[in-house]
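Throughout, a chain's letter reflects where its sequence line sits, starting with A, and its residues are numbered from 1.
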Amino acid sequence: KQEVTQIPAALSVPEGENLVLNCSFTDSAIYNLQWFRQDPGKGLTSLLLIQSSQREQTSGRLNASLDKSSGRSTLYIAASQPGDSATYLCAGVHQAGTALIFGKGTTLSVSS
Amino acid sequence: KAGVTQTPRYLIKTRGQQVTLSCSPISGHRSVSWYQQTPGQGLQFLFEYFSETQRNKGNFPGRFSGRQFSNSRSEMNVSTLELGDSALYLCASSFWDRDNTEAFFGQGTRLTVV
């Protein structure tokens, strides 16, 4: 059974810091991986999708990478801002399936 | 381009009742998936529909069911509600081919069972 672990569970940083969120899968047979952001009580906002043929994706201050051989992904946030405060979730689709398997998330708090 | 629309946003139901939630996907998307989010279990996959057929199902009891219509709109139904069914129910739509699997989520339906 695929399990996803996100480390750390919570993170508090001052504005301006660069930070790395980690995600790992017990089964490295991941077809693709998607990072989401969730604000309290809201739905999920897609941040980045790494397709099967890709190793990383970038959008603005965000960069995500995927190492399929080890089943690990990282989300790098540059120059963090208070508006980045949210819960960040990673989710993968197994090669044999279509469902997104989610980690429990990393709750980020950026103080000004 | 309209996003994923879920209705209603909030529901309060009594134990034993049934409830139907609705999801309208992004235009052109054929895949609709449903997820349950609770503080203890996080996000868990319920089922996925693609072109009106259930293609994948998570590990939930038969009280949870769904369907998809020809216009790709989907509904999920929960019968004989239990207190533990209180959760945020999220719907995701995707174009879904093997080169384009990005999922887009709605704002969710907050179900409270009393």
Side-chain angles (χ1 to χ4, degrees), chain A residues 1-7 9-10 23-27 29-54 57-59 62 64 66 68 73 86-107, chain B residues 3-7 9-10 21 23-26 29-51 53-60 66 87-112:
Chain A
K1 179 186 172 185
Q2 178 72 272
E3 291 185 358
V4 181
T5 302
Q6 290 192 244
I7 296 173
C23 172
S24 62
F25 296 81
T26 53
D27 184 345
I30 294 298
Y31 182 76
N32 67 25
L33 184 135
Q34 200 166 348
W35 282 90
F36 296 90
R37 166 190 173 135
Q38 186 175 32
D39 293 289
K42 301 292 179 66
L44 278 62
T45 300
S46 178
L47 297 173
L48 292 165
L49 169 69
I50 305 177
Q51 300 269 39
S52 60
S53 58
Q54 300 168 331
Q57 280 284 1
T58 298
S59 176
L62 305 179
L66 174 62
K68 286 188 175 183
S73 177
T87 296
Y88 290 81
L89 296 145
C90 72
V93 176
H94 192 272
Q95 287 181 358
T98 59
L100 282 164
I101 309 300
F102 282 87
K104 293 289 180 70
T106 293
T107 299
Chain B
V4 180
T5 303
Q6 291 188 245
T7 56
R9 291 291 311 279
Y10 303 92
L21 313 181
C23 173
S24 294
I26 292 171
H29 284 191
R30 296 177 296 171
S31 169
V32 175
S33 299
W34 289 88
Y35 295 82
Q36 180 195 67
Q37 186 176 32
T38 58
Q41 298 298 318
L43 274 149
Q44 294 185 287
F45 171 72
L46 282 157
F47 30 66
E48 184 226 357
Y49 286 86
F50 183 87
S51 294
T53 300
Q54 188 180 87
R55 186 162 67 169
N56 203 351
K57 188 177 189 301
N59 189 27
F60 277 82
L88 180 65
Y89 289 88
L90 292 162
C91 162
S93 85
S94 171
F95 181 78
W96 193 271
D97 62 36
R98 284 314 249 186
D99 294 322
N100 184 0
T101 60
E102 188 170 8
F104 297 89
F105 280 78
Q107 290 297 300
T109 294
R110 171 73 63 185
L111 172 64
T112 302

Shortest non-hydrogen pair, A:Lys42 vs B:Leu88, comes out as O-CD2, 3.9 Å

Name the region of B:Gln41, side chain, backbone, both or neither, that has any atom closer than 4.5 Å to a heavy atom of chain A.
backbone

What part of B:Glu48 gets closer than 4.5 Å to chain A, counting heavy atoms only: side chain, backbone, both or neither?
side chain

Chain B interface, residue from A:Gly105, A:Ser46, A:Gly103, A:Ala91 that has the most non-hydrogen pairs under 4.5 Å
A:Ser46

Using heavy-atom distances under 4.5 Å, tell me whether B:Leu90 contacts chain A through its side chain, its backbone, both, or neither.
side chain

Search all heavy atoms of B:Arg110 against all heavy atoms of A:Gly41 and return the closest pair with its distance.
NH2-CA, 4.3 Å

Honestly, the part of A:Ile101 sitting under 4.5 Å from a heavy atom of chain B is neither

Which bit of B:Phe50 comes within less than 4.5 Å of chain A, counting heavy atoms only: side chain, backbone, both or neither?
neither

Determine, step by step, whether B:Phe105 and A:Leu100 satisfy the side-chain contact (heavy atoms from CB on, under 4.5 Å) criterion, reporting the C-alpha distance in whole Å, the side-chain angles of both residues, the deciding distance to 0.1 Å, and the verdict.
CA-CA 12 Å; B:Phe105 280 78; A:Leu100 282 164; 4.1 Å; yes

Among B:Gly108, B:Ala103, B:Gly106, residue most engaged with chain A (heavy-atom pairs, under 4.5 Å)
B:Ala103

Distance in Å, B:Gln107 CD paired with A:Thr45 OG1, rounded so as to fall on 0.5 Å steps:
7.0 Å

